[in-house]
Amino acid sequence: MKAILVNDDKSLRWADVPDPIVGSEDCLIKIEAAGVNRADLMQREGNYPPPPGCPEWMGLEIAGTIVEVGANVAKHANWKVGDRVCALLGGGGYAEYANVRWDMLMPIPEGISIAEAAALPEAFATAFLNLYIEGGLKAGETLLVTGGNSGLASVIIPMARAFGSRVITTVRSAEKAEAIRHLNADRVVNTSCEDLAEVLQAELDAGHGVNVAIDCLGGTRVDDYLHHLERGARWIMIAALAGQETTINLRNLYVRGARLIGSTLRSRAPEFKANLLATLVRDVWPKIVSGEIRPTIDSVLPIEQAEDAHALLYNSKSAGKVVLTVGA
């Protein structure tokens, strides 16, 4: 089969690799679409290696069709050849086929496209993990999510709203604000002309300060925001696109009873991920079918154009998820 490999100069190539070997607990998926994530860019740069046992090529989420099932799969689940599924991977999604353990598979919700299905597993699992497991967000509370034009934010914003929370997000231009208007965030902060710290204080003064923040930016200004949050707020760092170093005045944490939390999905134990996916199917899939939550797709490109897909993320040109199609 073919997969996207990284050359020594960090460029990409669509090249032959060994076919997957299906284990007794696995299903072989013929991949039709793969979601693109910033973690893929980090892996490409050598900064985010796949977990042991995973393929070397990138790709954390896929959608496609089961073409083979392992000998023991029927003992655990009803998966069968021909089922249309999406899957969360430790790596290996940029390929024609992927070998996936049975409990990392989810049915594709009714009424969505294969590209939308490929945008579900990583983004929706990451969103749910940080909103409700790490963040403990409740209906009636206020969420801040930075980088509102990202693929992840395009999931977090409607998910939080669908479960009854108020949402504030940030963008860096009026054009980006317009591009995410359909997500219906309660407050979009254009940081090119507004100071986020001042906005957070105004929200606090108005009686709906931030209870949970999901921050993919980081950078030197994190401390400027911590003392403008509600007491007991949870500030969750999931990436540091604006810089990995900052200075924190610890008083801002203990005076407000705030918590600073680091979080990644990829490093979690398989059992944790399996339980998380089962929760998504039970609690979130009905809201996808009803239309309350849908992934926002910015671009769909053939996998041979993975360089172009990555460029959209490298240059912050996308507003929503970027998806690669395979064999279309």
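FYI, side chains are in, hydrogens and waters are out, and symmetry mates aren't considered; it's all heavy atoms of this structure.
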Q: Starting at OG of S318, measure out to CD1 of I297 and round the result to the nearest 0.5 Å.
A: 11.0 Å
Q: Could you go through the salt bridge (charged side-chain N to carboxylate O under 4.0 Å, His left out) check for E110 and R84 one step at a time?
A: CA-CA 11 Å; E110 293 180 18; R84 304 274 281 169; over 6 Å; no
Q) Should we count CG of D205 as having more than 12 external heavy atoms under 6.0 Å? A) yes
Q: For E68, check side chain to side chain contact (heavy atoms under 4.5 Å, CB included) against everything at least two apart and list the hits.
A: V22, L28
**Q.** Derivation of the side chain to side chain contact (heavy atoms under 4.5 Å, CB included) call for Y48 and R38
**A.** CA-CA 10 Å; Y48 198 30; R38 287 196 177 273; over 6 Å; no
Q | Pairwise side chain to side chain donor-acceptor pair (under 3.5 Å) hits with a residue in residues 13-22, at least two apart | A | K2-D16, N7-R13
Q) Do the rings of Y225 and W235 sit parallel, tilted or perpendicular, given the 30° and 60° boundaries? A) parallel
Please tabulate, for the side chains in residues 243-250, all donor-acceptor contacts under 3.5 angstrom to protein atoms that are two or more places apart in sequence or on a different chain.
from, atom 1, to, atom 2, distance (Å)
T246, OG1, G219, O, 3.2
T246, OG1, T220, O, 3.2
N249, OD1, R251, N, 3.0

(Q) Please determine whether side-chain hydrogen bond (donor to acceptor under 3.5 Å, both in side chains) holds for the pair D40 and Y94, giving the CA-CA distance in whole Å, both sets of side-chain angles, and the decisive distance to 0.1 Å. (A) CA-CA 10 Å; D40 303 338; Y94 288 17; 2.6 Å; yes
Q) Where do E134 and R268 land on the salt bridge (charged side-chain N to carboxylate O under 4.0 Å, His left out) test, with the steps shown first? A) CA-CA 13 Å; E134 294 289 8; R268 306 284 175 146; 2.7 Å; yes
Q.
The test is salt bridge (charged side-chain N to carboxylate O under 4.0 Å, His left out); show your working for K317 and D308 and say whether it passes.
A. CA-CA 11 Å; K317 296 295 185 182; D308 295 332; over 6 Å; no
**Q.** Spacing of L265 atom CG and L88 atom CG [to the nearest 0.5 Å]
**A.** 5.5 Å
Q. Given the rule in the salt bridge (charged side-chain N to carboxylate O under 4.0 Å, His left out) test, do R294 and E116 qualify, once you have shown the distances and angles that lead to the verdict?
A. CA-CA 8 Å; R294 293 297 282 264; E116 289 175 310; 3.3 Å; yes
Q: Could you verify whether a donor N or O on one side chain and an acceptor N or O on the other, from E32 and T65, lie under 3.5 Å apart?
A: yes
